[in-house]
Amino acid sequence: MNPLTTTLTLHLLVCMSLTATSEAAIKMHRARVVVTNYLNGGLDLTIHCKSKNDDLGVLVLHPHNDFEFSFRPNFWGTTLIYCSMSWDSELHWFDIYIDTRDLNKCNDACRWIVQEQGPCLFNRTSNKYDICYPWNQSSMTMKNIN
Ligand SMILES: *[C@@H]1O[C@H](CO)[C@@H](O)[C@H](O)[C@H]1NC(C)=O
Ligand SMILES: *[C@@H]1O[C@H](CO)[C@@H](O)[C@H](O)[C@H]1NC(C)=O
């Protein structure tokens with residue numbers, strides 16, 4: 001082996017072990033999600049969240065009450081947690097946790113408020129709930145599945 005090849009080989013080994021370390025760190029990381037009812041008019045929010053493997057159950061949140069859960073995002077970064085949210089005669093769906101969307105936006109927790117128009121995520125830069133998303137458009141199909 002000439003010196004150049006040796007250096008390259010060593011370099012490659014270092015890169016590989018760094019990758020392994022950061023993957024382990026991601027795997028250990030626990031994510032927290034907090035959802036608060038911000039509907040107008042004193043409405044209760046009924047929320048039912050699930051992932052592929054877990055069902056977090058049906059909860060009724062009174063105005064300004066919140067609900068919190070934590071979990072370990074999967075190794076592959078494909079963790080998805082979705083919720084149905086309803087009040088009066090309305091029923092909507094929203095993906096409350098998507099790794100690729102949320103991982104870099106949340107500090108200790110991903111904090112959401114739920115309003116009639118849709119959920120808004122807490123923005124750690126502006127200190128406001130100003131990262132707002134529309135309800136999931138495929139609501140009708142998912143409603144039938146459930
Ligand atoms: C968070 O707030 C900052 C400051 O207002 C803004 O520049 C940024 O775009 C916001 N982040 C997101 C993801 O909307
Ligand atoms: C709606 O939900 C489906 C199924 O969970 C998901 O694949 C899709 O990305 C969601 N769309 C939006 C706009 O959130």
Side-chain angles (χ1 to χ4, degrees), residues 7-146:
T7 311
L8 280 176
T9 310
L10 270 177
H11 202 119
L12 201 65
L13 276 175
V14 170
C15 287
M16 285 170 66
S17 59
L18 276 180
T19 308
T21 309
S22 57
E23 272 171 1
I26 288 166
K27 204 175 178 182
M28 295 300 294
H29 168 78
R30 270 190 94 80
R32 266 173 76 214
V33 172
V34 182
V35 185
T36 307
N37 174 4
Y38 262 64
L39 295 172
N40 285 314
L43 291 169
D44 282 347
L45 171 70
T46 302
I47 181 168
H48 187 185
C49 300
K50 294 177 190 178
S51 70
K52 206 171 89 186
N53 305 312
D54 294 294
D55 186 330
L56 299 174
V58 179
L59 282 158
V60 177
L61 296 180
H62 298 311
H64 297 266
N65 281 10
D66 60 43
F67 135 74
E68 170 177 341
F69 58 92
S70 71
F71 54 96
R72 229 172 268 285
N74 72 30
F75 181 84
W76 309 108
T78 54
T79 301
L80 173 71
I81 298 173
Y82 54 96
C83 308
S84 69
M85 301 195 198
S86 56
W87 63 89
D88 285 351
S89 57
E90 299 221 23
L91 172 67
H92 297 281
W93 284 88
F94 186 67
D95 295 332
I96 205 77
Y97 186 85
I98 304 175
D99 259 333
T100 48
R101 183 193 65 195
D102 303 336
L103 198 61
N104 300 319
K105 292 198 187 72
C106 311
N107 282 345
D108 63 314
C110 299
R111 298 176 186 280
W112 293 91
I113 55 169
V114 175
Q115 298 172 305
E116 278 81 351
Q117 318 85 272
C120 298
L121 180 66
F122 187 77
N123 180 336
R124 59 189 176 187
T125 311
S126 65
N127 275 324
K128 287 181 187 148
Y129 289 94
D130 61 11
I131 309 175
C132 298
Y133 296 90
W135 294 112
N136 191 316
Q137 292 311 306
S138 54
S139 296
M140 295 314 287
T141 11
M142 301 210 34
K143 190 181 187 168
N144 294 338
I145 291 168
N146 227 43

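Ligands are counted one by one from 1 in listed order, and the atoms in each one are counted from 1 as well.
With rounding to the nearest 0.5 angstrom, the CG atom of Asp54 is 10.5 Å from the CZ atom of Phe71.
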Just distance, no hydrogens or angles: give the donor-acceptor pairs under 3.5 Å from side chains in residues 58-67, sequence neighbours left out.
{"residue": "His62", "atom": "ND1", "partner": "Asp44", "partner atom": "OD1", "Å": "2.8"}
{"residue": "His62", "atom": "ND1", "partner": "Asp44", "partner atom": "OD2", "Å": "3.4"}

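For the pairing with Trp112, the ring pair (Phe, Tyr, Trp, His ring centres under 6.0 Å) check across Phe122, Tyr129, Phe94, Tyr38 returns one residue only, Phe94.
Taking the side-chain hydrogen bond (donor to acceptor under 3.5 Å, both in side chains) definition, one finds that Gln115 meets it with nothing, sequence neighbours left out. Looking at residues two or more places apart in sequence or on another chain, you find no side-chain hydrogen bond (donor to acceptor under 3.5 Å, both in side chains) involving Glu116.
In this structure, the side chain of Thr79 does not engage the main chain of Asp99 through any donor-acceptor pair within 3.5 Å.
At a heavy-atom cutoff of 4.0 Å, ligand 1 is surrounded by Lys105, Asn123, Thr125, Ser126, Ile131.
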